[in-house]
Amino acid sequence: MSAETRDSVLDPAALRRLERTAQIDTGLLAVDFSPRDTALTRALSEAEVLFTGWGCPPLTRQALAGMPRLRAVVHAAGSVKGHMTEAAWERGITVSTAAAANALPVAEYTLAAVLFANKRVLAGAEAYRRTRDRVRLLEHFPTVGNYRRTIGVVGASAVGRRVIELLRPFDLTVLVHDPYLEPSEAALLGATPVELDDLVRRSDVVTIHAPELPETRNLFDAARIALMRDGATLVNTARGSLVDTQALTAELVSGRLHAVLDITVPDVLPAGSPLYDLPNVLLTPHMAGSLGGELRRLADTAIDELERYAQGLPFAHPVHAAALVHSA
């Protein structure tokens, strides 16, 4: 992992847990797998487990040649696609990820976005800021609220499932679309499975939690965005590539739709983008995932997995190569 990741994710308590669990030098950090440092080269040659995070380089055949004893990778972050190569899978390396832990703050952000969107909190705050006087709420917001609203969840990923779970206490109708979700699974989640276009047409808020795949690029193109009902809100905490930014921007500039966007294409929008200033858009800088104290959850989850491995137990959060075909 990168030095920044180590310093952010692994606090002193986490480092002490690591030292109790494994033979490890917590001051030894690999930022690439072709080190000139002899101590690091020796450590990699003897390593049975890699404890990885954001910034982990790919496990190429050349890199793996220098790690003959490597048997497992414990990832203290989300997706492992960036470093788990075909060569690593062929080697039979066992893999775990803290993606489930990282899903929690994203789902919490989404819940807040859904509830605030239906309550028109942004518009209310803007009206209050502009008038600096009593706002005639029933006049300006005669139809706001969350009672009996319809929420469409696109993707029954770890985040999507947690979002559905968090929505249960509210008087909402929850629709879900995921081509890999069985109707019986949807019923257990407490959501109604529907086709994507049907979900888009019926929902007051559409929230995206699908993976970034070739077939999901511009999943929300101009035609699909046009299906959204007037006044609906699009929430994207997944990947920017799933939404045609130009098409969405046109709808938002017109005022027909609302949006909560934590991720866009490009990752940082041009300074002249109207999305920064539109009153119907909440734009945040990719902050839905784990930050600050939430990073401790990633460390705890990964160290839990390392402890299970040390005890000869299977990982609680394993990653399988086949599943990566249709997951993040």
Side-chain angles (χ1 to χ4, degrees), residues 1 5 8-11 13-14 17-18 21 49-56 72-84 89 93-114 153-168 174 176 178 180-182 185-186 188-191 207-213 216 235-239 262-263 286-311 313-328:
M1 62 184 71
T5 297
S8 299
V9 175
L10 296 172
D11 65 1
R17 281 190 68 193
L18 279 174
T21 305
V49 180
L50 288 181
F51 192 89
T52 63
W54 291 302
C56 180
V73 173
V74 175
H75 193 49
S79 177
V80 301
K81 284 185 175 181
H83 58 279
M84 285 302 296
W89 291 116
I93 293 171
T94 305
V95 183
S96 170
T97 176
N102 195 49
L104 300 182
V106 181
E108 291 163 358
Y109 174 107
T110 302
L111 173 65
V114 168
V153 178
V154 181
S157 59
V159 176
R161 289 167 186 258
R162 179 61 175 163
V163 167
I164 293 171
E165 182 181 351
L166 291 176
L167 291 172
R168 283 178 194 159
V174 180
V176 63
D178 189 312
Y180 301 99
L181 182 69
E182 295 294 333
E185 288 184 276
L188 289 173
L189 288 171
T207 178
I208 303 174
H209 305 291
E212 184 177 43
L213 303 170
T216 61
V235 180
N236 189 11
T237 59
R239 290 290 185 267
D262 189 54
I263 187 70
H286 204 174
M287 62 188 300
S290 298
L291 285 175
E294 295 164 338
L295 296 172
R296 305 293 178 260
R297 185 190 284 124
L298 300 182
D300 287 341
T301 300
I303 297 171
D304 287 347
E305 291 288 73
L306 188 60
E307 289 176 348
R308 291 179 65 86
Y309 180 88
Q311 296 168 29
L313 299 173
F315 286 138
H317 304 287
V319 181
H320 304 290
L324 291 181
V325 175
H326 53 81
S327 64

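In this chain, numbering begins with 1 at the start of the sequence shown.
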Separation of [Y] [atom2] from [X] [atom1] (nearest 0.5 Å):
{"X": "Leu306", "Y": "Thr21", "atom1": "CG", "atom2": "OG1", "value": "5.5 Å"}
{"X": "Thr94", "Y": "Phe315", "atom1": "OG1", "atom2": "CZ", "value": "6.0 Å"}
{"X": "Leu188", "Y": "Ile164", "atom1": "CG", "atom2": "CD1", "value": "11.5 Å"}

If you compare all heavy atoms of [X] against all heavy atoms of [Y], which two are closest, and at what distance to 0.1 Å?
{"X": "Ala186", "Y": "Val176", "value": "CB-CG1, 4.1 Å"}
{"X": "Val74", "Y": "Ala302", "value": "CG1-O, 3.3 Å"}
{"X": "Leu298", "Y": "Ala101", "value": "CD2-CB, 4.0 Å"}
{"X": "Ala238", "Y": "His209", "value": "CB-CA, 4.2 Å"}

Partners meeting side-chain contact (heavy atoms from CB on, under 4.5 Å) with [X] (sequence neighbours left out):
{"X": "Ala316", "result": "Glu305, Arg308"}
{"X": "Ala14", "result": "Leu10, Asp11, Ala299, Ile303"}
{"X": "Thr5", "result": "Met1, Ser2, Val9, Trp54"}
{"X": "Ser8", "result": "Glu4, Leu295"}

>> Could you check whether Thr237 and Asp262, counting side-chain N and O atoms only, form a donor-acceptor pair closer than 3.5 Å?
In response: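 No, no side-chain donor-acceptor contact under 3.5 Å.
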> Could you walk me through whether Glu165 and Arg162 pass the salt bridge (Lys or Arg N to Asp or Glu O under 4.0 Å) check?
Replying inline: CA-CA 5 Å; Glu165 182 181 351; Arg162 179 61 175 163; 3.0 Å; yes
> If only atom types and distance count, is the side chain of Arg239 paired as donor or acceptor with the main-chain N or O of Ala210 below 3.5 Å?
Replying inline: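 Side chain of Arg239 to backbone of Ala210, a donor-acceptor pair under 3.5 Å: no, none is there.
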> Just by distance, do the side chain of Asn102 and the backbone of Gly289 share a donor-acceptor pair under 3.5 Å?
Replying inline: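 Answer holds: no.
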Residues forming a side-chain hydrogen bond (donor to acceptor under 3.5 Å, both in side chains) with [X], sequence neighbours excluded:
{"X": "Asn236", "result": "none"}
{"X": "His75", "result": "Thr52"}
{"X": "Thr97", "result": "none"}
{"X": "Glu182", "result": "none"}

>> Suppose we screen for salt bridge (charged side-chain N to carboxylate O under 4.0 Å, His left out). Which residues come up paired with Glu108, at least two apart in sequence or across chains?
In response: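 Checked Glu108 against salt bridge (charged side-chain N to carboxylate O under 4.0 Å, His left out); zero matches.
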>> Applying salt bridge (charged side-chain N to carboxylate O under 4.0 Å, His left out), can you list everything that pairs with Glu307, at least two apart in sequence or on another chain?
In response: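 Here the qualifying residues are Arg17.
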Quick one: are [X] and [Y] in side-chain contact, heavy atoms under 4.5 Å?
{"X": "Val319", "Y": "Met84", "result": "no"}
{"X": "Arg161", "Y": "Leu181", "result": "yes"}
{"X": "Val73", "Y": "Val80", "result": "no"}

